[in-house]
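Here's the structure we're looking at; comments come further down.
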Amino acid sequence: MFICQHCNAQASFKEKSFLLTSKTREKLYPSRISANKHRQANKIKKTDDPGGIGTEIVEEKQVCKLCYQALTLLE
């Protein structure tokens, strides 16, 4: 049992909850030298991680099935 963070209704017993991403932000990941290690021909080889731009989840809401269906149709 949980309380929906959108409609504030208490869910029934054994009802599945859904996580809905409500806020995201862009994130700049720096490059890292020798960050990745893997085995090649019985030797450990290190490769660089180039970094880049991605998104991070800032806020998620735990919602019921009806709210999840209604809010995903709006997007």
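Values below: all heavy atoms of this structure, side chains included; hydrogens, waters and symmetry mates excluded.
Here the closest heavy-atom approach between residue Ile57 and residue Thr24 is recorded as CA-CG2, 4.4 Å.
Remark: Ile3 CD1 to Gln10 CD distance equals 5.5 Å, nearest 0.5 Å. Rounded to the nearest 0.5 angstrom, Thr21 OG1 and Glu56 CD are separated by 12.5 Å.
For the pairing with Ser17, the side-chain hydrogen bond (donor to acceptor under 3.5 Å, both in side chains) check across Lys61, Gln5, Gln62 returns one residue only, Gln62. Between His6 and the options Leu66, Leu71, Leu20, a side-chain contact (heavy atoms from CB on, under 4.5 Å) holds for only Leu71.
Under 3.5 Å, the side chains of Glu26 and Thr55 contain no donor-acceptor pair of N or O atoms.
Within the 4.5 Å cutoff, the side chain of Phe18 has heavy atoms near those of the Lys65 side chain. At a threshold of 4.5 Å between non-hydrogen side-chain atoms, the residues Lys37 and Lys45 do not count as touching. Counting heavy atoms from C-beta outward, Cys67 and Cys4 have side chains that approach closer than 4.5 Å. Counting heavy atoms from C-beta outward, Glu15 and Cys64 have side chains that approach closer than 4.5 Å. Two residues are said to be in side-chain contact when any heavy atoms from C-beta on lie closer than 4.5 Å; Ser34 and Asp48 meet this criterion.
For Leu28, the side-chain contact (heavy atoms from CB on, under 4.5 Å) partners two or more places apart in sequence, or in a different chain, are Ile53. Partners of Phe2 under the ring-ring contact (aromatic ring centres under 6.0 Å, His included) rule, at least two apart in sequence or in another chain, do not exist in this structure.
Remark: Ile44 CD1 is loosely packed, at most 12 non-hydrogen atoms of other residues, nucleotides or ligands lying under 6.0 Å away.
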